[in-house]
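Single-structure report; data block below.
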Amino acid sequence: KHGALSSFNGHESLASLASHGTTSSKIGDARVIARLRRQLSRSLQRMEALTNQAVIIKQSSDAVIAGIRQECEVQLGERTKNEVELLNQIAALAATHGEDRRKLQGEMEDKEREIVNLQESSDFYQEALRELEGTLQQLTIGSVMVEGK
């Protein structure tokens, strides 16, 4: 606190200030200081609210990312298992049934394309997760910056 701020601590009345000197400039300074303190208080309250919102957003984002990651892993695991089982079944049938060999070969190629498509979908979801994590980091950094100010 410097200058006029050190002579006005928020608990002093204007009459108390006037007793130190009756000039209107001291009263005017006190009013300006009081107004600035109110503005500072409102700004600090807004900053605290924004910080709380950033914390809530980060927690929500963490939960969403964890849920999406878990869901992707489960789906990918199930799909991969099913695809492997189907490919094994197709291969077994192709070996035992010579006539159906060409038909099964086509089905196997379709399943392989599906596997490639699933892998591409998995890559897409992984990239989406990385982007969400990047956004979360930016929100976290923004929250830290707001708290640091």
Side-chain angles (χ1 to χ4, degrees), residues 1-14 17 25-149:
K1 295 180 182 179
H2 299 291
L5 274 176
S6 64
S7 68
F8 184 76
N9 65 14
H11 299 290
E12 296 181 36
S13 68
L14 291 178
L17 282 175
S25 69
K26 283 190 177 184
I27 293 173
D29 289 346
R31 288 180 183 153
V32 169
I33 290 169
R35 182 176 48 88
L36 290 174
R37 284 182 181 212
R38 285 190 303 273
Q39 288 176 345
L40 176 60
S41 176
R42 284 191 301 267
S43 295
L44 289 173
Q45 288 172 351
R46 285 187 207 125
M47 189 180 344
E48 183 177 344
L50 289 173
T51 300
N52 291 338
Q53 289 173 355
V55 167
I56 291 168
I57 289 170
K58 182 185 180 315
Q59 290 170 345
S60 297
S61 298
D62 288 345
V64 168
I65 288 171
I68 290 172
R69 178 176 281 133
Q70 182 180 10
E71 183 178 330
C72 286
E73 289 172 359
V74 168
Q75 287 181 4
L76 185 61
E78 289 175 5
R79 287 181 179 178
T80 301
K81 179 183 172 189
N82 290 338
E83 294 298 326
V84 168
E85 288 175 8
L86 287 173
L87 287 173
N88 289 336
Q89 290 173 6
I90 291 170
L93 288 173
T96 59
H97 297 92
E99 291 180 16
D100 297 330
R101 188 173 210 114
R102 279 181 281 142
K103 179 183 174 187
L104 292 175
Q105 185 66 32
E107 289 177 9
M108 202 157 57
E109 290 171 1
D110 290 344
K111 294 300 177 184
E112 288 172 349
R113 282 191 291 274
E114 287 179 25
I115 288 172
V116 169
N117 289 339
L118 286 171
Q119 185 60 45
E120 290 173 359
S121 294
S122 172
D123 292 344
F124 171 79
Y125 286 122
Q126 291 298 325
E127 180 61 30
L129 279 172
R130 283 190 287 276
E131 288 178 21
L132 282 172
E133 288 170 343
T135 301
L136 177 59
Q137 287 177 342
Q138 290 175 350
L139 285 172
T140 302
I141 290 169
S143 173
V144 169
M145 291 175 66
V146 167
E147 290 175 5
K149 287 187 178 181

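No hydrogens, no waters, no symmetry mates; every other heavy atom, side chains included, goes into these values.
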With rounding to the nearest 0.5 Å, note down the distance linking NZ in K58 to OG1 in T140.
4.5 Å
Report the residues that fulfil side chain to side chain donor-acceptor pair (under 3.5 Å) with D123, sequence neighbours left out, ordered by chain and then residue number.
Q119
Could I get the full list of side chain to side chain donor-acceptor pair (under 3.5 Å) partners for E109, not counting sequence neighbours?
none
Quick note, side-chain hydrogen bond (donor to acceptor under 3.5 Å, both in side chains) partners involving residues 73-82, not counting sequence neighbours, are E71-Q75
Output, in order, the C-alpha distance, side-chain angles, deciding distance and verdict of side-chain contact (heavy atoms from CB on, under 4.5 Å) for L44 and L40.
CA-CA 6 Å; L44 289 173; L40 176 60; 4.1 Å; yes
Does K111 form a side-chain contact (heavy atoms from CB on, under 4.5 Å) with Q89? I'd like the steps, not just the answer.
CA-CA 12 Å; K111 294 300 177 184; Q89 290 173 6; over 6 Å; no
State the CG-CD1 distance between L50 and I57, to the nearest 0.5 angstrom.
9.0 Å
CG of L36 to OG of S43: how many Å apart, nearest 0.5 Å?
10.5 Å
State which residues pass side-chain contact (heavy atoms from CB on, under 4.5 Å) with Q45; sequence neighbours excluded, sorted by chain then number.
S41
Identify, with sequence neighbours excluded, every residue that meets side-chain contact (heavy atoms from CB on, under 4.5 Å) alongside S60.
I56
When rounded to the nearest 0.5 angstrom, what is the spacing between CZ in R130 and CD in Q137?
12.5 Å
Tell me every residue that passes side-chain contact (heavy atoms from CB on, under 4.5 Å) with V64, counting only those two or more places apart in sequence or in another chain.
I68
To the nearest 0.5 Å, what is the distance between CZ on R113 and CG on D110?
4.5 Å
Rounded to the nearest 0.5 Å, what's the gap from CD1 on I90 to CD on E83? Could you check?
8.5 Å
For E85, is the CD atom crowded, meaning more than 12 foreign heavy atoms sit under 6.0 Å from it?
yes
Can you find a heavy atom in the side chain of N88 that is under 4.5 Å from one in the side chain of V84?
yes
